[in-house]
Each structure stands twice: as structure tokens, then as C-alpha cells.
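One structure is given here, and the rest of the page talks about it.
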Amino acid sequence: MERLALLGGTPAVNKQSDDSLFKWPIFTQEDEDAAMDVFRRNRFSGTEITEKFQEEFAKWQGREYAIAYCNGTMSLTAAMFAIGLGVGDEIICPTKTYWGSVSQAINFGASAVFCNINETLTMDPNDLERCITNKTKAIMVVHYFGYPCDMDPIMAIAKKHNLKVIEDLSHAQGGMYKGKKLGTFGDVAAMSLMSGKSFACGEMGMLVTDDRKLYERAMAFGHYERNNEKYITESDELKPYFHIALGGMKGRANQLCSAIGRVQLKYYDDRCKEIRKAMNYFWDITEDLPGIRAIRVDEKEGSNMAGWYIPHGLYVKEELNGLSVKRFCEALRAEGFVGAWDGGNFCLHTHPFFKTFDLFGMGMPTRIAFNERDVRLDDEHLKRSEEYECFSIPWFKHFDKEWIEIYAGALRKVVLNHEQLLESDLEKKQGGRWYGTENA
Ligand SMILES: *Cc1c(COP(=O)(O)O)cnc(C)c1O
């Protein structure tokens, strides 16, 4: 029996890999030159570079229009405004996601209604109709950790009930579902492009749509009615409001990020392809292990997970004598298995923000201030989503067979020797965090 490193044994990963194995984003001289050009010409503000990036991004995305924002949260807020989310409306969102997917709805007097996830950690289409009422305006689809949501049933339900669909593409730029690009299913898609994301260019967001009306509304929300000198607004509804951003908030991107984004876009698909090869290989050689399940799609159906943003596996503790995922990850990290964190995001319905927060000072939680019904708090029903446990695996940026096998070996070692950990697994706490990796 091999002694686990956490208990004094020798770590399975006992040499240093090349930095480039995990480094993201991949920046080259070309990115640096593009950034320095903005810097030297003092073009941080303005929109001429951003406009080029928008055009190129829209083309790459296969959508008519793209608008850049200062961050992903703002782009998703603009998407909500674009579809006309308003007082008393409900927007359905999977409970397991980053708060920036749906928290903004509160600013419109609208309520987030949470649906369950399934073993893919994305929206369970079978739980969608339960959430729909005559107040439901939209569905927020999140391709969580790069996994493409099951869009066929989701779109069918949206159509049947005449609901708008927003895709939160923050984890899955460039991913595919049955041969069609993610971000082209909903009425509008919006996403983060911040430096930790799959498509990463600093601190930025992007919104894409084919719908001229949604495009103009989204633009008016955070950008005035124009790209710099070029007025784009044609709609009579918006014309009286020229010169003031309708959200009362400015949401423009800075051009340093746009310049880097333009360079990143040129290489993004090829880099994702290599990541997919590496990540699939990692699962191919570990999937036989008990207690863990790959979260990945069958690429033969024309689906893929783009750049595998923060790849995770499902953790099935019943197969490992009830060992907590927290202890399991501690043991993995001790083996030198980088980035083994438990849980993903906590389920949003468990946060007081969605239960008691009174944004408008009305003396009552905003969630019931404009809406008598309280579907979003069905804690009992949503418990199922809390029960899926997961852990992150190394996010390889290159297909380096030798190193992937070393990390796979570390995982194998911990799984096969997990019994050593049972005695010291005192806390048995559930895994998860609100954001990042260490604020649980
Ligand atoms: C990061 C993220 C956002 C918010 O993007 P920011 O750029 O951080 O504002 C929204 N949704 C999801 C799913 C995210 O991961």
C-alpha cells in the first residue's frame, strides 16, 4: 500500500512541470505589442479598437451584433434590460452558478427563480416547467464549467411558453451543442472575458445577438446610443434618451482589453482544440476509477466543451466509503495535484441575498416586494442540486502526454488509497465556495 502524501508519504507529482502546462491566458509578443500600442497612443478610452473587436467577435460567434462591456456582470445586466426584464418578472436560472449570472435581476425589481441542476452540473430541463408561472419572462442558461446545456428541450420549453432565453457564455465561448455554436441558441448571449475565463483578455464582457431591437436596447443601457461617433440607434423608443446611458451606469470596455482580445481571438479556437485533446486524454485514462465521473460531452455528436473552463469531475462519495470531498481534495493537493478544489459554486438559493436582502429599503425582502409568489425558495426541492459534489482537476493547456499521465497517476493513487483518509476525515463538510478558490 502506497502512503498518501497528506499522511507523510512521497507526493505522486514530485517534480516541477513547465509553467506553460497550466498558464492561461497564453500571451505572446503579439499581445504585448497590441497592448503597448494602446498605451503609447493613450487610447484607453474611445471605441475605435473596441469596435473592431466587436466586429471580429460577432463574426467569430456567428451573430449579427456584438457589444463589449467593462465586465461580464454588466453585459448580462444589459441583456436583461434588452429583453425588457421588469418589475415583478421572474427569470429562471440554475441554482449552481456564479452570482453574476442572475443577481442583477433584483435591480429591475425582478426575481430569480432557481431550478435544479443534473449530473452535468448544468440546468436540468426536466425541472424547468415546474418553475414557470405567468410572471416568467426569461430563462438564463449557463453552460457551467464549459458543459453545453441540453438546448433542445430547453429551447422547446422556452418556445412553448413564449419565454426569452439568455445564454451566460462566461465558461463556454466557442463551445458547441450538436453542431451549433453556443451563444447562438438564445435571443441574446452575454459573457465575461475576464482574465480567469476561457476566453480571457483582462477585465471585460461581451454581448451578442441577431436581434436589432435587443442590440439597440443593450447598447443604450450602458453605452449611450452609439459607438463613439457612430450613432447606431434607429428605434424611436430610444431616441428621446440619447446622451444618457439608460441604466444610469456606464459599462464601456477599456481598449487595452479590446486590443488583447483581438489577438486572443485569432488563436483561441486552436488553443481550445489542444485543451480538449489534453482534457479528454486525462479522463480517458482515469475514468475507470470508482468515486469519480468525468463531466464531459461525447464529441461525436458535434458537441464540445470549448476550452474546458475550470474542468471538474463529479465526486460520488458513496463509492469511497463516504470520504468527504474536502478531505479528498486536500489529499490530492498534497500529492502535488494542482488546483484540486471541492464543490464549485455554492447553490445560489442558499444565499441570504436571494432571501432577505432589501435593495430598495421597502421594509421587506426585494424578492417579495413586487411579487406575491415565492417559488424561488423551495429549498427542499432544490436540495438535490446541493447534493451533487464535484472537484476540479488540472486544467491542461497543452497536450503533454507525460505530464497528464503523472497527474492521472496522482488521482489514481488517492482514489485507490482513500481508506487511509477515513480516520482523519472529521469534519465531513460539504464542498463549495461563492467565488474564486479560497473563500469557502
Ligand atoms: C465570471 C462570471 C460572470 C461575471 O463576469 P465578470 O466579468 O466577473 O463580471 C457571470 N457568469 C458566470 C457564470 C461567470 O463565471
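Since the model is a prediction, treat every value here as computed from it, not as a measurement.
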Steps toward side chain to side chain donor-acceptor pair (under 3.5 Å) verdict (N280, E299):
CA-CA 10 Å; N280 276 313; E299 296 191 5; 2.9 Å; yes
Are any of the side-chain nitrogens in [X] or [Y] under 4.0 Å away from the carboxylate oxygens of its partner?
| X | Y | value |
| --- | --- | --- |
| E389 | K317 | yes |
| K397 | E274 | no |
| R412 | D288 | yes |
| K273 | D269 | no |
| R43 | E48 | yes |
| E119 | R384 | no |
| K355 | D379 | yes |

List the residues meeting side chain to side chain contact (heavy atoms under 4.5 Å, CB included) with D210, not counting sequence neighbours, and say none if there are none.
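Only R63, E64 meet the side chain to side chain contact (heavy atoms under 4.5 Å, CB included) criterion with D210.
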Partner residues of A306 under the side chain to side chain contact (heavy atoms under 4.5 Å, CB included) criterion, sequence neighbours left out:
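Scan of A306 (side chain to side chain contact (heavy atoms under 4.5 Å, CB included), adjacent residues dropped) gives Y268, N304.
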[X]: which residues meet the ring pair (Phe, Tyr, Trp, His ring centres under 6.0 Å) condition with it, sequence neighbours left out?
| X | value |
| --- | --- |
| F337 | none |
| H312 | F145 |
| W99 | none |
| H381 | none |

Hey, mind stepping through N345 and R433 against side chain to side chain donor-acceptor pair (under 3.5 Å) and telling me if it holds?
CA-CA 5 Å; N345 292 104; R433 57 198 37 82; over 6 Å; no
Donor + acceptor pair across side chains of T233, S235 (<3.5 Å)
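Result is no, nothing qualifies.
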Could you tell me whether the side chains of S170 and S192 share a donor-acceptor contact shorter than 3.5 Å?
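Looking only at side-chain atoms, S192 and S170 do not form any donor-acceptor pair under 3.5 Å.
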Would you call the rings of F357 and F353 parallel, tilted or perpendicular, where under 30° means parallel and over 60° means perpendicular?
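Taking F353 first and then F357, their aromatic rings lie parallel (interplane angle under 30°).
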For the pair F391 and Y315, name the ring-plane relationship: parallel under 30°, tilted 30 to 60°, perpendicular over 60°.
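Because their plane-to-plane angle is over 60°, the rings of F391 and Y315 count as perpendicular.
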Less than 4.5 Å apart, side chain to side chain, heavy atoms only: is that true for M123 and C115?
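In contact.
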side-chain hydrogen bond (donor to acceptor under 3.5 Å, both in side chains) partner of H143, chosen from H171, Q173, E167
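That would be E167.
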Looking at W60, does the NZ or CZ of K181 lie under 6.0 angstrom from its six-membered ring centre and within 45 degrees of the ring axis?
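Satisfied, under 6.0 Å and within 45°.
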Ignoring hydrogens, what is the shortest heavy-atom contact between I275 and G307? Give both atom names and the distance.
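Shortest heavy-atom separation between I275 and G307 comes out as CG2-O, 3.5 Å.
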Of the non-hydrogen atoms in D425 and R327, which two are nearest, and what is the gap between them?
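So the minimum-distance heavy-atom pair works out to OD1-CB, 3.4 Å.
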May I have the step-by-step check of side chain to side chain donor-acceptor pair (under 3.5 Å) for E405 and Y281, ending in yes or no?
CA-CA 9 Å; E405 285 169 5; Y281 182 62; 2.3 Å; yes
Other residues, nucleotides and ligands only: do more than 12 of their heavy atoms fall within 6.0 Å of NZ on K178?
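Yes, enclosed.
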Quick check, are the ring centers of [X] and [Y] under 6.0 angstrom apart?
| X | Y | value |
| --- | --- | --- |
| Y407 | F282 | no |
| Y147 | Y177 | no |
| F354 | F114 | yes |

Between Y69, F81, Y215, which is the residue that forms a ring pair (Phe, Tyr, Trp, His ring centres under 6.0 Å) with H223?
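Between H223 and the candidates, ring pair (Phe, Tyr, Trp, His ring centres under 6.0 Å) is satisfied uniquely by Y69.
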Can you list the steps and then say if T209 with D211 is a side chain to side chain donor-acceptor pair (under 3.5 Å)?
CA-CA 6 Å; T209 183; D211 186 317; 5.6 Å; no
